[in-house]
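Have a look at the structure below before the remarks.
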There are 2 protein chains.
Amino acid sequence: MKQISRFSHFGELSDKDYFRIALSVDCVIFGFEEGELKVLVIKCNIKEYKGMWSLLGDLVRPDEDINSASYRILKERTGLDDVYLEQVHTFGKVNRHPAGRVITTAYFSLVNIKDHQLKLSDNELHWHPVKEIGDMAFDHKNILDTCIERLREKVEDHPVVFNLLPKKFSLRELQSVYEAVLNCELDRRNFRKKFFMMDWLVDLNELEEDVPHRPGKLYKFNAAKFAKKAKKIS
Amino acid sequence: MKQISRFSHFGELSDKDYFRIALSVDCVIFGFEEGELKVLVIKCNIKEYKGMWSLLGDLVRPDEDINSASYRILKERTGLDDVYLEQVHTFGKVNRHPAGRVITTAYFSLVNIKDHQLKLSDNELHWHPVKEIGDMAFDHKNILDTCIERLREKVEDHPVVFNLLPKKFSLRELQSVYEAVLNCELDRRNFRKKFFMMDWLVDLNELEEDVPHRPGKLYKFNAAKFAKKAKKIS
DNA sequence: ATTTAATGTGTATTTTTAACACATTATTGT
DNA sequence: ACAATAATGTGTTAAAAATACACATTAAAT
């Protein structure tokens, strides 16, 4: 490590004092299952928060970009390579971690639980409904809330929810994801109208199967039109 | 510093390896002067970027929240205590700083250049027009751009530009800040209409002075109505 | 064949945004 | 004093977007 004393404009601290902070990354991995928005959590094994749910995170390695670190965590925990990931906020309270000074950068990720039958790394891992999650370890509830809020804003005018769905989906499923994320009810006719206008969907000329009612048409996301400006969903 | 080996799920690295990263905070301090959006910068004195403009930043101290660190920087550099400050993004590329592994969290701040005649800490400090700034030291141009983008989004539906103006201002000044921030022209009549509808302004029954034309009415920001939902400005 | 539970579709209303012109007022220069 | 200047102050109309809302259709289950 090279000298970095030139950083310190106010000389009370020596360089090595600044290296007593560790940096971690925490991933809020969202999925969609049974009509609910879920988050991937793990039982905490640190004594102060024993048994509480915590997010998936790890320390950033000295030779690793923080973005890479978050992809690494996702890969290690879910086996997924190509996922939607977005940095949200960095949490830096002095006492947020009982084990020492750890500043953490939070990301949220959107994955599709069904398609790949995720290879979870650990059977302590659990898809928990976002609505019903109570206290969590550390400041993870706060991190989760911040990420949900951000996800809601994002979803309003960016086509990201497709990451939560299988490749082929019905309009009902699509609407249902929006309703789960935004925690509200949407008008079916207006919803459909909006999506057709935005040109984000490709009609696959296939029908749902194994549904106990009239099957809906299946669509896929039209990646080519991704750039097209969105109208507000809700 | 307590043990934190329990973090490291994958044991190739020892704890102390994780403490070879330093964390800094960089502040993008925006001001408004002569009809332009400006940013407070300082000449860089690190050899790799000698003479280039850089943002104001410092390392985070081990016993300091990152938010506090950013307030500290503002206070030290501008003498200001009560300023608008918002975290934007954390930049964590491995080689972003030539002096070592330094991850930085960027904040933007909105200050009023005129009112207090800021006590700048250093005469290497300079209010530079945002439009005309070219390359900057480190990845600071990238950080600046990210913050401008965020400021634009923020301004669209939150009443934050008031922080850039003196307590008393005319509607022309207000519109002019929006135009500078959004880098566009706005329709004067629609602009006024929107602001009156949003109920964010208090008519002070005073007029501008020392203007070479018909003076406009002066207003102040109505903090009480702050919570009221905004309409899109542009 | 009937019931069930969902899909699929269009119009009218309201709200929001966008476009646009002229009289008024204080200052400046002659 | 007067004319010229350069800004303030004010409403209406048209277009676009968001919202509210009902009924026929289809496949599966009984």
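Lettering follows sequence order; numbering is per chain, from 1. What you are looking at is a predicted structure, and each value in this text was computed from that prediction instead of being measured.
Rounded to whole Å, the distance from CD on A:E185 to P on D:dC21 is 13 Å. Atom CE in B:M197 sits roughly 14 Å away from atom P in D:dG11 (whole-Å rounding). B:F196 has its CZ atom 7 Å from the P atom of D:dT10, to the nearest Å. Spacing between atom CG of B:L171 and atom P of D:dA6 amounts to 22 Å, rounded to whole angstrom units. Atom-to-atom, CG of A:N190 to C1' of D:dA22 comes out at 13 Å; the value is rounded to the nearest Å. In this entry the distance linking CZ of A:F195 with C1' of D:dA18 reads 15 Å, nearest Å.
A:D81 and A:Y71 share no side-chain donor-acceptor pair at under 3.5 Å. Using modelled atom types, one finds a donor on one side chain and an acceptor on the other under 3.5 Å when comparing B:Y107 with B:N67.
B:K217 meets the salt bridge (charged side-chain N to carboxylate O under 4.0 Å, His left out) test with B:D203; sequence neighbours excluded.
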Please step through ring-ring contact (aromatic ring centres under 6.0 Å, His included) for the pair B:F221 and B:F169, ending with a clear verdict. CA-CA 9 Å; B:F221 174 55; B:F169 51 84; 8.2 Å; no
I'd like to know whether B:V211 forms a side-chain contact (heavy atoms from CB on, under 4.5 Å) with B:E208, so could you lay out the CA-CA distance, the side-chain angles of the two residues, the decisive distance to 0.1 Å, and finally the verdict. CA-CA 7 Å; B:V211 286; B:E208 285 181 296; 3.8 Å; yes
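Taking the six-membered ring for Trp and the full ring otherwise, B:W53 and B:H126 have centroids separated by under 6.0 Å.
Using a 4.0 Å heavy-atom distance criterion, A:R192 is classed as a base contact.
You can see that DNA chain C meets the heavy atoms of chain A within a 4.0 Å-exclusive cut from C:dA6 to C:dT11, reading 5' to 3'.
To the nearest 0.5 angstrom, B:L125 atom CG is 8.0 Å from B:I29 atom CD1.
Around atom NZ of B:K194, more than 12 heavy atoms belonging to other residues, nucleotides or ligands sit under 6.0 Å away.
Only B:H213, B:R214, B:G216, B:K217, listed by number, bring a heavy atom of residues 208-218 of chain B to less than 4.0 angstrom from any atom of DNA chain D.
Taking 4.0 Å as the cut-off between side-chain N and carboxylate O, B:E33 and B:K38 count as a salt-bridged pair.
Taking the nucleotide of DNA chain C with the nearest heavy atom to each of B:L207 and B:K194, the more 5' of the two is matched to B:K194.
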